Asker: 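Attaching a single structure in structure tokens format; questions to follow.
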Amino acid sequence: MTQAPLPSLYTLSDLARETGVSRRILQHYAQLGLLEPGALTHGGRKLYTSFALYLIQDIQDLNQLGFTLEEIRKIMLLKKAIFHPDGTYREGWRREEIPLAEEELVAMWAKTGEVLASIERQERMIRRFHRFLTKHFAPKEVRDGLQPGQGNGGATGAGEGLPRGGGDPQGEGGGPQP
């Protein structure tokens with residue numbers, strides 16, 4: 001009978017090496033409760049599962065998106081309630097297992113909606129600017145659709161497949177937007 005492979009376990013130093021986030025920052029995250037060990041050695045050393053690698057990336061991303069450490073702490077509490085320490089989804093979790101008040105969850109929902117709206121606005125703006133640059137400054141092969149360009153997902157042509165095609169009617173990417 002074969003046994004399931006043992007999960008990979010990491011010290012904070014290991015996590016720092018894997019993620020590029022300093023050990024000191026990871027210690028701070030652990031002190032705030034953003035990271036919790038998945039196991040302890042006999043000597044009391046904390047070990048983290050590979051799921052911690054994803055949580056660290058989530059923490060970094062959420063921070064860059066403007067979430068405060070307190071908001072991130074609440075998001076991590078929610079994740080801990082609905083995921084096992086190895087990162088697998090907990091079937092059958094119940095609302096009462098989530099240690100957050102209803103108003104905190106509603107605030108979390110509202111904030112994520114605001115962030116998504118901001119990202120969508122930023123994406124529209126950067127896509128317009130990229131189409132402008134492609135139209136005027138990309139190599140001829142990219143402009144003519146003979147070669148995919150950076151940032152167009154491999155689509156041929158400048159801005160093909162994007163809303164409003166390869167540019168706006170004014171041809172400069174500066175006209176009114178929907």
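Small disclaimer: the values here were computed from a predicted structure and weren't measured.
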Asker: Is the ring pair Phe83/Tyr89 parallel, tilted or perpendicular, if the boundaries are 30 and 60 degrees?
Answerer: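 Plane angle over 60°, so perpendicular.
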
Asker: Does Leu9 belong to the same Ile/Leu/Val/Met/Phe/Trp/Tyr cluster as Leu40, with side-chain heavy atoms less than 4.5 Å apart forming each link?
Answerer: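 The answer is no; the residues belong to distinct hydrophobic clusters.
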
Asker: Gly38 and Thr49: which non-hydrogen atoms are nearest, and at how many Å?
Answerer: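 Scanning both residues completely, I find the closest heavy atoms to be CA-CG2, 4.2 Å.
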
Asker: What I want to check is whether the side chains of Gln122 and Ser118 have a donor and an acceptor closer together than 3.5 Å.
Answerer: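 Judged by distance alone, the side chains do pair up.
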
Asker: Would you name the heavy atoms of Thr134 and Arg143 that are closest together and state the gap between them?
Answerer: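 Smallest interatomic distance, heavy atoms only, reads O-CG, 3.0 Å.
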
Asker: Is there a path of hydrophobic side-chain contacts, each under 4.5 Å between heavy atoms of I, L, V, M, F, W or Y residues, that connects Leu105 with Val115?
Answerer: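 Both belong to a single hydrophobic cluster.
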
Asker: Mind listing the closest non-hydrogen atom pair of Ser50 and Tyr10 along with its distance?
Answerer: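 Scanning both residues, the minimum pair turns out to be CA-CE1, 3.6 Å.
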
Asker: What class does the angle between the rings of Tyr54 and Phe51 fall in, given that below 30° is parallel, 30 to 60° is tilted and above 60° is perpendicular?
Answerer: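 Correct class here is tilted.
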
Asker: Which heavy atom in Leu78 sits nearest to a heavy atom in Met108, and how many Å separate them?
Answerer: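 Result for this residue pair: CD2-SD, 3.7 Å.
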
Asker: Side-chain heavy atoms under 4.5 angstrom apart, residues restricted to Ile, Leu, Val, Met, Phe, Trp, Tyr: same cluster for Leu53 and Leu32?
Answerer: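 In one cluster: yes.
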
Asker: Check whether any side-chain heavy atom of Asp61 sits under 4.5 Å from a side-chain heavy atom of Phe67, and report yes or no.
Answerer: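 Heavy-atom side-chain distance check fails, nothing below 4.5 Å.
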
Asker: Working to the nearest 0.5 Å, report the span between CG of Leu55 and CD of Gln60.
Answerer: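 It is 12.0 Å, given to the nearest 0.5 Å.
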
Asker: Any chance you could measure Leu12, atom CG, to Leu47, atom CG, to the nearest 0.5 Å?
Answerer: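 The CG atom of Leu47 is 9.5 Å from CG of Leu12, to the nearest 0.5 Å.
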
Asker: For residues 42-59, pull every pair meeting salt bridge (charged side-chain N to carboxylate O under 4.0 Å, His left out), keeping only residues two or more places apart or in separate chains.
Answerer: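 Salt bridge (charged side-chain N to carboxylate O under 4.0 Å, His left out) check on residues 42-59 returns Asp58-Lys79.
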
Asker: When rounded to the nearest 0.5 angstrom, what is the spacing between CG in Leu65 and OG1 in Thr112?
Answerer: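 Result: 11.0 Å between the selected atoms.
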
Asker: Is there a path of hydrophobic side-chain contacts, each under 4.5 Å between heavy atoms, that joins Ile82 and Ile72?
Answerer: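 Yes.
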
Asker: Nearest 0.5 Å please: distance from the CD atom of Glu114 over to the CH2 atom of Trp109.
Answerer: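 Going from the CD atom of Glu114 to the CH2 atom of Trp109 covers 9.5 Å.
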
Asker: Taking only distance into account, with no hydrogens and no angle test, what donor-acceptor pairs under 3.5 Å do side-chain atoms of residues 18-26 form with protein atoms, sequence neighbours excluded?
Answerer:
unit_1	atom_1	unit_2	atom_2	d
Thr19	OG1	Leu15	O	2.8
Thr19	OG1	Val21	N	3.2
Ser22	OG	Ile25	N	3.1
Arg23	NE	Ser13	OG	3.0

Asker: In Å, rounded to the nearest 0.5 Å, how long is the span from CD1 of Ile56 to CG of Leu35?
Answerer: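 Reported to 0.5 Å precision, the distance equals 5.0 Å.
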
Asker: Let me see the working for Lys111 and Ile75 under side-chain contact (heavy atoms from CB on, under 4.5 Å), right down to the final yes or no.
Answerer: CA-CA 11 Å; Lys111 173 83 180 239; Ile75 291 169; over 6 Å; no

Asker: Going by an N to O cut-off under 4.0 Å, is there a salt bridge joining Arg73 and Glu70?
Answerer: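 Between Glu70 and Arg73 there is a salt bridge, with a charged N closer than 4.0 Å to a carboxylate O.
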
Asker: What distance separates Trp93 CH2 from Ile98 CD1, expressed to the nearest 0.5 Å?
Answerer: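 If we round to the nearest 0.5 Å, Trp93:CH2 and Ile98:CD1 are 4.0 Å apart.
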
Asker: Have a look at Leu34 and tell me which of Leu62, Ile59, Leu77 forms a side-chain contact (heavy atoms from CB on, under 4.5 Å) with it.
Answerer: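 So the option named by the test is Ile59.
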
